[in-house]
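See below for the structure under consideration.
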Number of protein chains: 2
Amino acid sequence: MANLKQLAQSLGLSITTVSRALDGYADVSAATRERVRQAADQAGYRPNASARRLRKQRAELVAVTLPSEPGHIGPAHFLEMLSGCAEHLATAGLNLVIAPVPSGESELDMCRRFVDGQRVDAMLLVRTKRRDERVEFLQSRGIPFVTNGRTESAIQHPFIDGDGLSGFHQATLRFQDAGHRRIGHIAGPQDYFFAHERKKGWEMAMRDRGLPADLCVEQAPTEQGGYEAALAMLNRPDRPTALVCATDEMAIGVLRALREVEGGDTISLVGHDDLPIGSFTSPALSSMRMTGGNLGRSFASLLLRTIAGEPAEKLQELHAIEFVDRDSHQRSSPAK
Amino acid sequence: MANLKQLAQSLGLSITTVSRALDGYADVSAATRERVRQAADQAGYRPNASARRLRKQRAELVAVTLPSEPGHIGPAHFLEMLSGCAEHLATAGLNLVIAPVPSGESELDMCRRFVDGQRVDAMLLVRTKRRDERVEFLQSRGIPFVTNGRTESAIQHPFIDGDGLSGFHQATLRFQDAGHRRIGHIAGPQDYFFAHERKKGWEMAMRDRGLPADLCVEQAPTEQGGYEAALAMLNRPDRPTALVCATDEMAIGVLRALREVEGGDTISLVGHDDLPIGSFTSPALSSMRMTGGNLGRSFASLLLRTIAGEPAEKLQELHAIEFVDRDSHQRSSPAK
DNA sequence: GTTGACTCCCAAAACGTTTCGGATGATATT
DNA sequence: AATATCATCCGAAACGTTTTGGGAGTCAAC
């Protein structure tokens with residue numbers, strides 16, 4: 001409501017002094033500072049955001065791009081992560097704006113809009129592709145950004161990622177140790193870094209034991225995708241006895257397929273992401289998850305540090321994957 | 001990168017003319033307009049957002065408050081709704097910022113921060129309570145806002161809501177028509193408007209047929225809450241034969257309880273929200289959903305219209321509820 | 001009584017845009 | 001030939017803040 005000029009006038013002080021008093025500068029006497037603070041409190045004064053942003057040449061905003069895949073925007077806990085991120089950013093005076101890609105516009109155009117209009121101080125990119133044009137653009141412009149998931153970019157950039165390769169490697173080995181030989185992989189779209197990495201982990205484990213890595217179907221990372229991929233795979237004569245699934249959402253679709261095909265209830269399954277819903281499926285879904293605590297907070301911290309100018313090399317977090325043992329990974333001993 | 005001054009200089013024009021040319025005013029000749037546009041395009045010029053916001057006294061931002069209930073932020077499709085809203089707002093030059101409530105701060109303080117700092121042109125409130133202090137505050141300040149869910153506020157305000165009372169009334173009647181007499185309700189927290197409304201619908205239907213409305217347990221609107229509520233209700237001697245559940249998430253918890261108690265597989269169940277996951281549970285979850293198409297887009301439209309000054313009375317949408325028949329609502333004929 | 005240090009305060013510029021109120025010629029009207 | 005009309009353009013103010021570069025006054029030291 002009120003602005004600095006009015007506040008200054010009512011106090012018989014200059015705008016400068018009021019501004020500096022509120023910012024706690026030492027060159028205003030303690031008495032005046034207190035008097036100003038009281039008046040500001042009482043008037044409910046808050047500095048006008050646009051004016052400060054203009055003057056300080058900072059947008060006080062960070063944008064997160066939302067993928068526009070039809071009907072699917074990311075795992076169910078994604079919003080929770082964003083919320084944590086926004087909350088932590090807010091302590092530094094930054095707000096988080098969500099930036100879905102409008103139909104008819106590319107993700108690149110959207111980044112451009114935000115960057116060239118100086119609407120943001122940094123960006124958060126999710127669902128990175130192996131070769132990601134958003135990353136290339138932001139690097140060329142020198143805008144700070146952090147990605148959720150690595151890329152194959154030649155230039156380093158800050159990221160947080162789970163070590164999906166190791167995770168899927170280990171998970172596949174576990175199935176092998178339990179006696180499984182025909183272990184299938186329900187893969188996500190291979191242009192996504194995470195999906196490619198998880199598939200490589202599975203492949204590596206199969207090769208480790210001299211087994212063929214041929215039971216693989218690629219599909220959209222959704223319940224429906226998992227369902228369709230599983231149906232396709234289970235109709236093969238060399239049907240797998242265990243499935244390693246790129247995401248929990250796909251795994252939930254797989255569960256449905258397992259209920260529908262004969263003998264499906266003997267097939268073991270593990271997903272990835274540890275969605276809360278996993279405890280409530282039937283059978284309860286075994287899964288994997290990234291270690292490392294509050295993800296949103298970590299993103300916020302990385303964003304703040306990259307804005308502050310820390311080098312990318314120090315802002316890369318690769319977290320180990322841990323297993324979440326529930327029921328679906330040991331439904332029966334593998335036949336033959 | 002470039003600003004108006006540089007652009008004007010390089011064209012040998014005044015700042016005024018360049019600005020007006022880009023905004024398509026009629027008092028700059030077609031030839032100059034074209035010349036300016038070309039130069040602007042080529043320089044990748046975008047007006048500085050902060051400067052425009054300051055000058056136009058508009059924040060070009062809308063904030064949506066995120067509930068801070070521990071571990072739960074809303075139904076799984078909530079982000080999708082936000083994305084649709086953000087996308088539509090963007091066509092009017094507005095961005096959507098997400099505003100989680102920091103720990104130690106009330107939702108009210110948060111609204112205050114946004115409003116008094118003139119950081120937003122409007123707010124979107126979700127998970128409204130029957131008596132909602134955020135609503136009261138925004139009304140007192142005269143800031144445009146739209147709510148997801150009605151309130152009991154004496155003053156009208158724009159909202160979008162589903163007619164939960166009718167929906168739950170109808171659903172309960174359907175169970176009665178199928179022969180059920182003991183129909184329970186798994187209720188959400190009653191200070192939420194939607195939860196209260198849904199319970200009233202169930203109660204009304206029970207009373208319609210002279211049945212007691214005593215089989216009701218209130219719990220957190222989460223899978224866990226539904227699970228616990230169901231366990232409590234199923235251990236009663238007068239165990240229900242059918243359950244009407246305030247949300248799908250609670251219903252998914254109920255499904256788990258039904259698997260764990262003896263005879264649980266004969267109990268019918270319906271939820272509300274039509275989460276995508278409902279097709280993939282076992283049994284597939286019958287549900288209800290609000291009619292009315294793209295919810296996010298509707299919110300955006302209401303927000304724009306209330307910012308434009310349309311009266312609240314014209315900005316209230318109460319949508320009918322439709323049923324989504326899958327398997328869980330007819331698991332067996334009711335015993336006795 | 002001059003100098004220097006120190007405390008407290010302020011005028012003015014700057015951030016980049018939009019917009020108000022003309023100014024300047026050229027053309028049409030009387 | 002004077003006047004009105006029109007098409008183009010522009011200077012300057014304004015939005016509300018932060019920050020630069022002092023200015024005035026007090027006090028102590030020389």
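Every chain is numbered from 1 and lettered A, B, ... according to where its sequence line falls, protein lines coming before strand lines. Just so you know, these numbers come straight off a predicted model, no measurement behind them.
- Residue B:Asn48 contributes atom CG, which lies 17 Å from atom P of C:dA14 at whole-angstrom precision.
- The heavy-atom pair separating B:Thr306 from B:Pro158 by the smallest distance is OG1-CG, 3.9 Å.
- Between the B:Gln316 side chain and the B:His157 main chain, a donor and an acceptor come within less than 3.5 Å of each other.
- The minimum heavy-atom distance linking B:Glu60 with B:Asp121 is given by the pair N-OD2, 2.7 Å.
- Closest contact between the side chain of B:Pro47 and the listed nucleotides C:dC20, C:dT17, D:dT18 involves C:dT17.
- For B:Gln118 and D:dG16, the shortest distance from a side-chain N or O to OP1 or OP2 is not below 4.0 Å.
- Across D:dG16, C:dA11, C:dT17, the shortest atom-to-atom separation from the side chain of A:Thr16 is found for C:dA11.
- Counting heavy-atom neighbours within 6.0 Å of A:Arg305 CZ, excluding the residue itself, gives a total above 12.
- As a whole-Å value, the separation of B:Ile15 CD1 from D:dT8 P is 22 Å.
- Remark: A:Thr17 is in phosphate contact with C:dC10, judged by side-chain N or O atoms under 4.0 Å from OP1 or OP2.
- As rounded to whole Å, 13 Å separates atom P of D:dA7 from atom CZ of B:Arg33.
- The neighbour count for B:Gln42 CD, taken as heavy atoms of other residues, nucleotides or ligands under 6.0 Å away, does not exceed 12.
- Taking atom CZ on A:Arg119 and atom P on C:dC15, their separation rounds to 21 Å, with Å as the unit.
- Between the side chain of A:Ser50 and the base of D:dT17 there is no donor-acceptor pair of N/O atoms closer than 3.5 Å.
- Atom NZ in B:Lys56 sits about 15 Å away from atom C1' in C:dC20, given to the nearest Å.
- Remark: P of C:dG16 and CD of B:Gln57 are 18 Å apart, rounded to the nearest angstrom.
- For B:Ser14 against D:dG11, a side-chain-to-base donor-acceptor contact under 3.5 Å is absent.
- In this structure, CZ of A:Arg52 is placed 11 Å from C1' of D:dG16, rounded to the nearest angstrom.
- Atom pair B:Arg55:CZ and D:dT17:P shows a separation of 16 Å (rounding to whole Å applied).
- Here A:Ser29 reaches the OP1 or OP2 of C:dC9: one of its side-chain N or O atoms lies under 4.0 Å away.
- Without hydrogens or angle criteria, A:Thr91 side chain to A:Glu87 main chain gives no donor-acceptor distance under 3.5 Å.
- At least one test fails for A:Arg130 against the ring of A:Phe193: distance under 6.0 Å to the centre or angle within 45° of the axis.
- Comparing B:Tyr25 and A:Arg20 against DNA chain C, the residue whose closest nucleotide sits nearer the 5' end is A:Arg20.
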Considering only nitrogen or oxygen atoms on both sides, find all protein atoms under 3.5 Å from nucleotides 22-27 of chain D and state each distance.
none

